[in-house]
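Some notes on the structure that comes next.
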Amino acid sequence: MGKRNAAVDMRAGRRTTGAAGVVGRGRREGNRLMKEFFAAQSAAAEEGRQAAYSFVMGSAAEVLRAFDLPVVYPEINSLQTAVHHEALDYLNRAEDYGYSTDVCGYVKADVGAHLDGGRLLGGRIPRPALVLATNTCLTYVKWVEIWERIYGCPVFVLDLPGERAASADGSVREPHPDDVAYVRGELEELVALCQQVTGRSFDPDRLRESMAETARMSEHWREALRLNRRRPAPFNAMGDAITFMGVGNAYRGTPEGVRYFRELSEEMQAKADAGLGSLPEERFRLHFSGAACYPAFRAFLDLFTSWGGVFVQSEYLSYASGGLHLDLPYDDADPLGSLARQMLLASQRSYTHLPFSHAQLAEECREWSCDGIVFHSTKSCRTTSASMADFREYLIRQRSIPSLLIESDLVDPRYWSEAQVKNRVDAFFEALESQRAASRGA
Ligand code: SF4
């Protein structure tokens, strides 16, 4: 490392040679790329260009890219309304229209935007030329029907068979060949629909290129995730990592996505080598299960970081990454078959395993050396909140892993009570402190 890059982190008193030029790059670049992504979405809407809507769990973005269809991710749009503290306007509009308070807030924030002519936070959402959902969340299947009614667009629901026998330890297992063949057949139908909608013929080389880029993105992301096992962990899995996930979806299967994740893993390597964590002092290492609290994103995180608590791993990074955390098998000779296998592998953590993820969570707590795990049960998302009470019971009784269960929402600010959540978080850390003191005494 050249002298030019040498720096000293005064707070931690550590020499950060080599890390000075790259620390924070993933967050800054991620924010820039996401701004560009939303600007491109608005430009497509203004120019009346075709777009496809798809979801982060099983987006098949590589197929859509092969037809030059810009991909709109409604979940990402909805969470933006919460992050910008404007979700309530969108939710109210949908509820005034007749949507129940029980309906997932992501759906209602999106409906609110479409009821307003597709206007979203000063930008626009393009009209869908086609919409695609998988059965990884059953809300997806009803959500696409809303767009079908509004825009009369074709709807494609890709049925991903569940695992034939869920593995007891929660590990990812090779999908059954018949299931791969079944999903491959569905993907061929999706290709035919894309040809019909766009009037273009299918170029398998475009799909190959895009899938190869996704595989490279996954390789770099897995390296960054591995580096978070270091102490201190270079990034917060529920802080900056949420931006990383945004880029992972928005730029999936693109050269920009590969560059971003390559630079991200370089940044994390430099931080790990320099002993730099996401906080000046990492006192507690935590796992996170459930969705983020977007209406109070910073306040939520601060409740933990103020105690020196860092989320070093998160279940969110599995299902919200569309499988980027997995070693994605890719066979150049059969790109559609490869995509079918990848979608089946990724769906295990976002579909089959979500209600049975206790063993996997315990294993990850061990691998990332976690002091405890936080469950965030959300009013909107029963898919990710299912079975949390049972998981807690298992982790506490069978694996002696301390845990905390808190409740709020991922988009609706009406379910956020800072005082209430703070009480519970403080009590959790006090218990961890006394446990630590007791074990030191022993
Ligand atoms: S229920 Fe959960 S997974 Fe399904 S759309 Fe809503 S937030 Fe997403």
Side-chain angles (χ1 to χ4, degrees), residues 53-61 71-83 87-88 90-91 94-95 99-114 120 125 128 131-148 155-160 162 238 242 245-246 248-250 288-297 300 314-324 343 346-357 375-388 391 406-416:
Y53 291 8
S54 192
F55 296 97
V56 299
M57 297 193 287
S59 68
V71 187
V72 171
Y73 293 95
E75 297 140 302
I76 300 182
N77 285 342
S78 292
L79 75 85
Q80 287 296 318
T81 67
V83 168
L88 203 50
Y90 294 88
L91 295 170
E95 286 175 11
Y99 282 84
S100 153
T101 48
D102 283 341
V103 173
C104 166
Y106 272 5
V107 177
K108 284 186 294 185
D110 175 70
V111 167
H114 287 287
L120 182 92
I125 311 171
V131 300
L132 166 67
T134 63
N135 56 340
T136 45
C137 167
L138 293 182
T139 300
Y140 287 172
V141 180
K142 302 309 288 180
W143 196 344
V144 290
E145 289 175 5
I146 298 172
W147 299 319
E148 186 183 32
V155 160
F156 193 94
V157 177
L158 213 148
D159 175 37
L160 297 173
M238 289 308 289
I242 301 295
M245 290 297 91
N249 284 294
F288 186 93
S289 171
C293 177
Y294 291 113
F297 188 74
F300 183 93
S314 161
E315 213 177 18
Y316 199 63
L317 304 184
S318 312
Y319 55 80
S321 72
L324 284 183
M343 292 183 89
S347 72
Q348 288 179 16
R349 284 314 300 276
S350 56
Y351 176 44
T352 318
H353 282 180
L354 263 180
F356 303 103
S357 58
F375 290 98
H376 182 216
S377 169
T378 51
K379 168 81 174 61
S380 280
C381 186
R382 305 329 294 165
T383 303
T384 58
S385 305
S387 314
M388 281 183 174
F391 296 166
I406 44 185
E407 293 171 283
S408 71
D409 198 50
L410 40 69
V411 67
D412 194 332
R414 292 168 293 190
Y415 295 98
W416 169 247

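Since this is a predicted model, take the numbers as computed values, not measurements. Remember, it's 1-based here, ligands and their atoms both numbered in the order they're listed.
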| request: Look at the side chain of His376 and the backbone N and O of Ile406, then say whether any donor-acceptor pair between them is shorter than 3.5 Å. | output: no
| note | Checking heavy atoms under 4.0 Å, the part of Tyr140 that sits near ligand 1 is side chain
| request: Give the residue, atom name and distance (to 0.1 Å) of the protein heavy atom nearest atom 2 (Fe) of ligand 1. | output: Cys381 SG, 2.3 Å
| query | How does Leu410 reach ligand 1, by side chain, by backbone, by both or by neither, if only non-hydrogen atoms under 4.0 Å count? | reply | side chain
| Side chain to side chain, Thr134 and Met343, heavy atoms closer than 4.5 Å | yes
| request: Tell me, please, if Cys104 has any N/O/S atom, main chain or side chain, under 2.8 Å from atom 4 (Fe) of ligand 1? | output: no
| Closest approach of any protein heavy atom to atom 8 (Fe) of ligand 1, naming residue and atom | Tyr106 CD2, 4.0 Å
| remark: shortest atom 4 (Fe) of ligand 1-to-protein heavy-atom contact is with Cys137 SG, 2.3 Å
| field | Whether Trp416 and Phe300 hold their rings parallel, tilted or perpendicular, with breakpoints at 30° and 60° | value | tilted
| remark: Distance col, row Glu75:CD vs Tyr140:OH, nearest 0.5 angstrom, shows 3.5 Å
| query | What's the shortest heavy-atom distance between Gly105 and Ser380, and which atoms? | reply | N-OG, 2.8 Å
| For ligand 1, which atoms have a heavy atom of Thr383 less than 4.0 angstrom away? | 1 (S), 4 (Fe)
| Do Tyr106 side-chain atoms and Ile76 backbone N/O form a donor-acceptor pair below 3.5 Å? | no
